[in-house]
Novice: 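Can you keep this structure in mind? I'll have questions shortly.
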Protein chains: 2
Amino acid sequence: MTKAERTRKAILDQAFELIYQNGYQATSIDKIIDTTAVTKGAFYYHFKNKEEMGIAMIKEMIAPRIAQTLLHPLQKWENPIEAIYESIAQKLHKDLDVNVEFGCPTNNLVQEMGPLNLRFHQTLRGVLDHWIKTIETKIELGKAAGFIRAEVNAHDVAAYVVLSYEGLKSTGKIYGRSLYESYLKQLRSYLESLS
Amino acid sequence: MTKAERTRKAILDQAFELIYQNGYQATSIDKIIDTTAVTKGAFYYHFKNKEEMGIAMIKEMIAPRIAQTLLHPLQKWENPIEAIYESIAQKLHKDLDVNVEFGCPTNNLVQEMGPLNLRFHQTLRGVLDHWIKTIETKIELGKAAGFIRAEVNAHDVAAYVVLSYEGLKSTGKIYGRSLYESYLKQLRSYLESLS
DNA sequence: CCCTAAAAATACTATATAGTATGTTTTGAT
DNA sequence: ATCAAAACATACTATATAGTATTTTTAGGG
């Protein structure tokens, strides 16, 4: 990795953290560069403007994190009920104490920027589409293998799983880890009703 | 209502709309007063600062709206499964086309301000506590009346209902009304698994 | 080594923002 | 009607912000 590439990555790393904790609009470019060894000239050399940086941050930081922590683990179990439950349970377990109060980076941006900026809207939709589609495929395979009842609508269930996860992350900002535990119990009971 | 009371209400009305659509931090006091027949002097006569106005807006605008559109309707059905499903379904039906892209006012603020400001955190927690408690009580009554299995944990279910509703409102900013429909199907199936 | 383009640094502008200072008008009790 | 307090209006300050203009440094192929 060249020095320029490292500069670019340093900006995106810092932007990810600050935006995750404070929101996109509340994160100023000055704050990003002040807390990094990067100047304004370097910032605007690598990114046309704040919006381009934000979109790059979603594509290069957020999307890969989702793939690694929520999508890849799905393939460790054949039964979709186990796969969905365990992938989420393990992710939430890792997040405990560290990330609870700041929620989910994707959902934070969906909430804040979805209605305000078309490019954010579209880019974030791509991230969610991919996640939902991956779960949906897992469920279809599970139906073929007899783990899930045939009349279950895979897309509806996948969307509902994602939506309730995001609801947990959002409401969890207020209620913390106790909500995580009660969520997991209800998620399991919901998923088992599909078999 | 006196003229001063009407001025105060005009500020809160406008603040509610702008904050709902753009977020709290992105809503400037200048924008609020420019789009109302109110000056800065009037604003700061009625509210010590922006934070006090925001807290007042939650207590006087958001909390009553939740009570009227989601809590009171719960009492129209004796069976908690019907009550929860119908109260939410009717609320969502009313929101269609109008409020979908901007989500839920409460959840928007929980997301944005929960981690950043203790007073917002506490005030919003009060709003959610009240909603969850109301559903919880409804479920307990339903258990006594034989509508719900005795071993169901009323609090966990109530929290899960609220959390998934907020997840819908949040993710719904991206997916719109189609998500509302698939959510309602899954909500019904989940609730029926409690009987 | 040298020289050009990439990469980065510095200084600046224009605008937006929360809040204040100070003044004027309106209201309602006497 | 009077007058004090409530209610509102106007002008201002200090700071933060996205972005630009301009200059300087650094990297790497010849």
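Throughout, a chain's letter reflects where its sequence line sits, starting with A, and its residues are numbered from 1. These numbers come from a predicted model, not from an experiment.
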Novice: Are any non-hydrogen side-chain atoms of B:Glu17 and B:Thr35 less than 4.5 angstrom apart?
Specialist: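 SC-SC contact between B:Glu17 and B:Thr35 ruled out.
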
Novice: Do A:Glu136 and A:Lys133 sit within salt-bridge range, that is, some charged N less than 4.0 Å from a carboxylate O?
Specialist: yes

Novice: What is the separation between atom OH on B:Tyr45 and atom C1' on D:dT10, rounded to the nearest whole Å?
Specialist: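 These atoms are roughly 18 Å apart.
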
Novice: In whole Å, what is the span from the CG atom of B:Asn22 to the C1' atom of C:dT17?
Specialist: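 So the CG-C1' distance, B:Asn22 to C:dT17, works out to 15 Å.
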
Novice: Atom CG of A:Asp34 to atom C1' of C:dA9: distance rounded to whole Å?
Specialist: 14 Å

Novice: Please list, for nucleotides 18-28 of chain C, all pairs of protein and nucleotide N/O atoms separated by less than 3.5 Å.
Specialist:
residue: C:dA18; atom: OP1; partner: B:Lys50; partner atom: NZ; Å: 3.0
residue: C:dA18; atom: OP2; partner: B:Ile29; partner atom: N; Å: 2.8
residue: C:dG19; atom: OP2; partner: B:Tyr44; partner atom: OH; Å: 3.4
residue: C:dG19; atom: OP2; partner: B:Lys50; partner atom: N; Å: 3.0
residue: C:dG19; atom: N7; partner: B:Lys40; partner atom: NZ; Å: 3.4
residue: C:dG19; atom: O6; partner: B:Lys40; partner atom: NZ; Å: 3.1

Novice: So does B:Glu140 pair up with B:Lys143, basic N to acidic O under 4.0 Å?
Specialist: yes

Novice: Expressed in angstrom and rounded to an integer, what is the separation of A:Glu5 atom CD from D:dA27 atom P?
Specialist: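 Whole-Å distance recorded here is 14 Å.
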
Novice: Less than 6.0 Å separating the ring centroids of A:Tyr190 and A:Tyr160?
Specialist: yes

Novice: Taking only distance into account, with no hydrogens and no angle test, what donor-acceptor pairs under 3.5 Å do side-chain atoms of residues 67-80 of chain A form with protein atoms, sequence neighbours excluded?
Specialist:
residue: A:Thr69; atom: OG1; partner: A:Arg65; partner atom: O; Å: 2.8
residue: A:Asn79; atom: OD1; partner: A:Ile81; partner atom: N; Å: 2.9

Novice: Separation of B:Ile11 atom CD1 from D:dC8 atom C1', in whole Å?
Specialist: 10 Å

Novice: List the atom of B:Arg177, the atom of B:Val100, and the distance in Å for their closest heavy-atom pair.
Specialist: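 Heavy atoms only, the tightest pair is N-CG1, 4.3 Å.
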
Novice: With respect to the phosphate group of C:dA8, does any side-chain polar atom (N or O) of A:His46 fall under 4.0 Å of OP1 or OP2?
Specialist: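 It does, given that an N or O in the side chain of A:His46 lies less than 4.0 Å from OP1 or OP2 of C:dA8.
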
Novice: Rounded to whole angstrom units, what separation is found between the CZ atom of B:Arg8 and the C1' atom of D:dC8?
Specialist: 16 Å

